[in-house]
Structure formats: C-alpha cells, structure tokens
Amino acid sequence: MAAKKKTKFMCQSCGYESAKWMGKCPGCGEWNKMVEETEIVKPARKGAFTHSEVRGSGEREKAAPITTIQSDKEPRIKTDLMELNRALGGGIVQGSLVLIGGDPGIGKSTLLLQVSSQLAHKQKKVLYISGEESVKQTKLRADRLGDMSENLFVYAETDMDYIQQAIQEVNPDLVIIDSIQTVYHSEVTSAPGSVSQVRECTASLMRIAKTNGIAIFIVGHVTKEGAIAGPRLLEHMVDTVLYFEGERHHTYRIIRAVKNRFGSTNEMGIFEMKEHGLEEVANPSEIFLEERSQGASGSTVVASMEGTRPVLVEIQALISPTSFGNPRRMATGIDHNRVSLLMAVLEKRVGLLLQNQDAYLKVAGGVKLDEPAIDLAVAISIASSFRDKPTNPADCIIGEVGLTGEVRRVSRIEQRVQEAAKLGFERVIIPANNIGGWTAPKGIKIVGVSSVSEALHHSLGG
C-alpha cells in the first residue's frame, strides 16, 4: 500500500495538533502560532517499531528484576574547564544527550568549540557539525582559540541522513550539533526548526547516543523570553539542559544546569569571555563584590547557594517617592513579585510607609537569585534606602522572611558563613533557628535574629 498524506496544524510553541487552523492555541494560549504541516502516514507493517529496532540491535532484551541489574558508575569525560565539569555533575557522561541554550552571540559555539579542541588534544575523536556556518568560518573561529588537533573533525551539514552517515564514518567520542533548529529530517515535510523537525531530529540523535555510547551536545535557539525555542518536549527528551547566560555587553558568562539526570540540578559555572576564548572564574564572589561602593545606602551582601556552591553577591535597592499614581516596582535578577511581597511585610510588620514609593532593585553582576534565603537581605536593602542609612559593609545577611515578619531557617548555613569568612566579612546575620549544631569560623561574629524588626535593629540601628 502507498503512503498517504495527511494535513494538520501544529502550534510552533507547544506542539499542540489540530485538524483545523485556529488563531489561538488551546494548549499554550498564544496567538498565530498554528502552522500547516503535511504528515506522511505509512501503512503499518508486521513488527513495526520493535524494541530491537529502537535499540539498534538484532536481539530482543527481556525484562529483568531490578535487583539483578548491575549499577555500574557512569564513565565521564573530563574537560579542562572545571566550571563546565561542575555544571555537568563531574564531566561528560558517555551516551548522554545534552542541550545547551542561550541568547545569540553569548558564546555557545565558542564554548563548545573550545571544549572540542581540549578533548581532541586528549586523543578523543570529536565531530563538530555546523548547520549555521561553513567549515571555513568554523576554522576562522577556531584559529582565535589556539592550536587545534587533527582529532577534531568539522562538518557543515543540515540533512539528518548525512549527519548519521558522518557519525558512522568518524565514530567519534563526542558530537556537537550547532544547532538543532537548522537540522531537518528528509521524511518530515515541514520546514527546519518546526516542532515536527525538532522532535524527529532530537529523537534520532537520542537513539544514536544511547545505542553507540556517544556523548552528543545540541545547541538550541532561545525565544525573546529567554526559554529554549520549540516544543517543551525537547527539554524532556534530553538528559541534561544547560542555560548559558550573561549580558552581551559584559565579559562574564554563567552556565546553569536546570536539568541533569547524572548530577545535581541548579549547579552553576562562571566564565569570563576574553580574546582567546572563555576562561573560568575560580572565585566568583570576589568578582561580584569588587566594585561595591562603601557607605552607600540600599546595599547589602547575601550568601546565596548555587547548587553546591555558596556565592556572595550584592543586592542594591533604590527607594524614591513616586511621581505617578501607582508606584513602580522594578527588579533585575530577583522576581518582582517577591519584592512586592517583602515591601508589604515591611509596611505591615515594621511600619515603613512604602505605598507611595518607587522601588528599583538589582543584583550586581547579572546573577539571577531565586532562593528564599535572600529575603532578609532584600528587605534590609529596601529599608536602608528608604531611611537613607547605609548598612555595615562588613555584614553579610542571610535568611528567609515569612508573611508575619518572622525570619525562618535556611539550608547549608555553615557553607554560607564559611564563604563570608573567607572574603573577610566580620559579622553574619542569620536566622536564630540556624544557630547551634555547627562551629563558626574564627574571627567572624554570628548574630541570630527571629524577626525582620530585630534584623533591622542590628543592621541599621533601629
């Protein structure tokens, strides 16, 4: 029987399928995202989609009791960038599929080409497949990074069939696809970058990675909101999702793991973009605090946990009388809803009249903080700017704030305090419930507080 053609409409944001066109997608609620696609329906055959075909082997495996399965430790390939190893959970796992996303021009291709060169010098075969630039353009970019090895193979192709043949011919240890939105499958009739193409190409790469034990990195474009473009299914299919963040006008870059099947999530690595590529930053806390002004109101330092690493960052607040009917609430690096909540707590529990004040908050250095332990530092920054009283520059403030004005305990307090002591802070204000059960470093004073009012008394003198 011949294959039949079937027309359907698919949302390019969430992958919702419909038999007819709709202006608004019922799945994600976005407008004008439904695109017509032609699906070729092949007649079913005996034994179609068997387990052996998916695995790429001729024998069918049987289900086994979990107690009889050997839990061998996954072998990892170490790169020379320890910050990348940290984000990946200790190195690149063989047979893993890693998705890395980031804004255009942030340095994704530079990072992956740099890693490819390092592994090639370690006698690992690396296949770099570029769908966005020619091999000569890739070579020009590679020349800026230094000496290259003959174990690094470069291939400019977007057809998935040819890419599979190249992987079979080279038999590499690592494959890099730059980027997944440019690759297309010949059996799928939609345009490259569509939901169907991204889904099918990623599924093919996943089978290659699992059956051959090849680690594959795929670069993903991001939308204007900062999320990886294409269906959410893409992030579910891969083993690890990395976000490469930072402002294009600053040299510092942050790589953050938001999903990792082989390690801890929310790990973070920090790099600095230089002329000859990315260099890792060993002590990021010094970087974020080096330009801190002394004696300025509205500035506090908090010890935030990024995965397993404590990082000290500066939180700045500017409170000024509003010129409009509704006061403005703007925040960079912090959720603005959290700012509004903390201002309501300060107004209700402490008595600060903030309802007619504009509030502008920023985390210095371009870091994004989303853990509850930063609440107390944000609240004290707001109060410091409102009263125009500077905080003690030798203070580090840690704690979660509740709606009744209480300061609640936070996790890993000992690591946070040790990082503050290492950078020369003399006093740390922490929740009272976190005192006890651990030993503070020498030369640093620990102050326990149970309410926001008590914390303001210690930091601002009332």
Side-chain angles (χ1 to χ4, degrees), residues 29 103 222-227 243 245-247 249-250 254 256 288-289 291-293 296-306 311-391 395-408 410 429 431 449 451-456 459-460 462:
D103 294 333
V222 295
T223 61
K224 60 183 180 181
E225 290 84 13
Y243 277 90
E245 304 170 354
E247 298 182 14
H249 304 293
H250 290 77
I254 298 171
R256 193 186 305 272
F288 296 139
L289 300 179
E291 298 180 9
R292 188 187 181 201
S293 56
S297 63
S299 171
T300 58
V301 174
V302 62
S304 175
M305 293 299 298
E306 293 291 343
V311 178
L312 267 63
V313 292
E314 179 188 4
I315 297 178
Q316 298 175 339
L318 177 62
I319 308 298
S320 60
T322 183
S323 302
F324 307 97
N326 294 323
R328 302 188 68 181
R329 303 283 188 263
M330 296 184 64
T332 303
I334 314 173
D335 184 12
H336 73 279
N337 293 322
R338 185 190 297 269
V339 174
S340 300
L341 183 148
L342 292 172
M343 292 184 72
V345 171
L346 288 172
E347 191 160 355
K348 181 75 174 179
R349 307 300 177 188
V350 183
L352 301 183
L353 186 60
L354 299 172
Q355 60 186 0
N356 60 349
Q357 302 287 322
D358 289 335
Y360 306 91
L361 277 91
K362 177 183 179 181
V363 179
V367 185
K368 294 180 181 178
L369 303 179
D370 58 357
E371 66 162 344
I374 68 171
D375 288 352
L376 188 58
V378 173
I380 291 178
S381 290
I382 294 171
S384 171
S385 179
F386 178 73
R387 295 178 177 176
D388 201 18
K389 284 186 178 181
T391 58
D395 282 358
C396 181
I397 301 164
I398 308 165
E400 178 185 353
V401 175
L403 293 181
T404 60
E406 83 278 13
V407 178
R408 308 172 72 91
V410 298
I429 298 176
V449 296
S451 66
V452 178
S453 300
E454 189 179 351
L456 290 175
S459 59
L460 301 177

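Panel note: side chain Glu314, backbone Arg292; no donor-acceptor pair is recorded below 3.5 Å. Panel note: side chain Ser381, backbone Gln316; no donor-acceptor pair is recorded below 3.5 Å. A donor-acceptor pair is defined here as one N or O able to donate and one able to accept, closer than 3.5 Å; such a pair exists between the side chain of Thr300 and the backbone of Ala377. The backbone N or O of Ala296 lies less than 3.5 Å from no partner atom in the side chain of Ser293, so there is not a single donor-acceptor pair. Using a distance-only test at 3.5 Å, with no hydrogens or angles considered, a donor-acceptor pair links the side chain of Ser384 to the main chain of Lys389. Looking at Ser385, its side chain does come within 3.5 Å of a backbone N or O of Ile319 through a donor-acceptor pair. For Ser459 (side chain) and Ala455 (main-chain N/O), a donor-acceptor pair under 3.5 Å exists by modelled atom type. Looking only at distances, a side-chain donor or acceptor of Arg349 sits under 3.5 Å from a matching main-chain atom of Leu403.
Side-chain contact check for Asp358 and Thr322: at least one donor-acceptor pair (N or O, by modelled atom type) lies under 3.5 Å. Side-chain contact, Asp388 with Ser297: a donor N or O sits under 3.5 Å from an acceptor N or O.
Here the closest non-hydrogen pair linking Val410 and Ala373 is CG1-CB, 3.6 Å. What you find for Pro390 and Leu460 is that their closest heavy atoms are O-CD2, 4.1 Å. Looking at every heavy atom in both residues, Met343 comes nearest to Ile382 through CG-CD1, 3.7 Å.
Here the rule is side chain to side chain contact (heavy atoms under 4.5 Å, CB included) with Val302, and of Ile397, Leu312, Leu369 only Leu369 fits it.
Leu361 places a side-chain heavy atom less than 4.5 Å from the side chain of Val378. Residues Ile380 and Asp395 are not in side-chain contact: their nearest non-hydrogen atoms beyond the backbone lie 4.5 Å or more apart. Within the 4.5 Å cutoff, no side-chain heavy atoms of Ile398 are placed close to those of Ile429.
Remark: Leu456 CG to Leu376 CG distance equals 8.0 Å, nearest 0.5 Å. How far CG of Asn356 is from OG of Ser323: 11.0 Å, rounded to the nearest 0.5 Å. In this structure, Glu406 CD and Ser451 OG are separated by 9.5 Å, a value rounded to the nearest 0.5 Å. Taken from CD in Glu400 to CD in Glu371, the straight-line distance is 9.5 Å, to the nearest 0.5 Å. To the nearest 0.5 angstrom, Asp335 atom CG is 9.0 Å from Asp370 atom CG. To the nearest 0.5 Å, the span separating OH on Tyr360 from NE2 on His336 amounts to 14.5 Å.
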Mind running side-chain contact (heavy atoms from CB on, under 4.5 Å) on Val345 and Val350 for me, showing each step along the way?
CA-CA 7 Å; Val345 171; Val350 183; 5.8 Å; no
Please report the C-alpha distance between Val401 and Leu342 in whole Å, then the side-chain angles of each, then the deciding distance to 0.1 Å, and finally whether the side-chain contact (heavy atoms from CB on, under 4.5 Å) criterion is met.
CA-CA 8 Å; Val401 175; Leu342 292 172; 3.9 Å; yes
Between Leu353 and Gln355, is a side-chain contact (heavy atoms from CB on, under 4.5 Å) present by the stated rule, with each step listed?
CA-CA 6 Å; Leu353 186 60; Gln355 60 186 0; 3.5 Å; yes
Please lay out, stage by stage, how Arg387 and Leu352 fare under the test side-chain contact (heavy atoms from CB on, under 4.5 Å).
CA-CA 9 Å; Arg387 295 178 177 176; Leu352 301 183; 3.7 Å; yes
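Crowding of Arg329 atom CZ: a count of heavy atoms from other residues, nucleotides or ligands under 6.0 Å exceeding 12.
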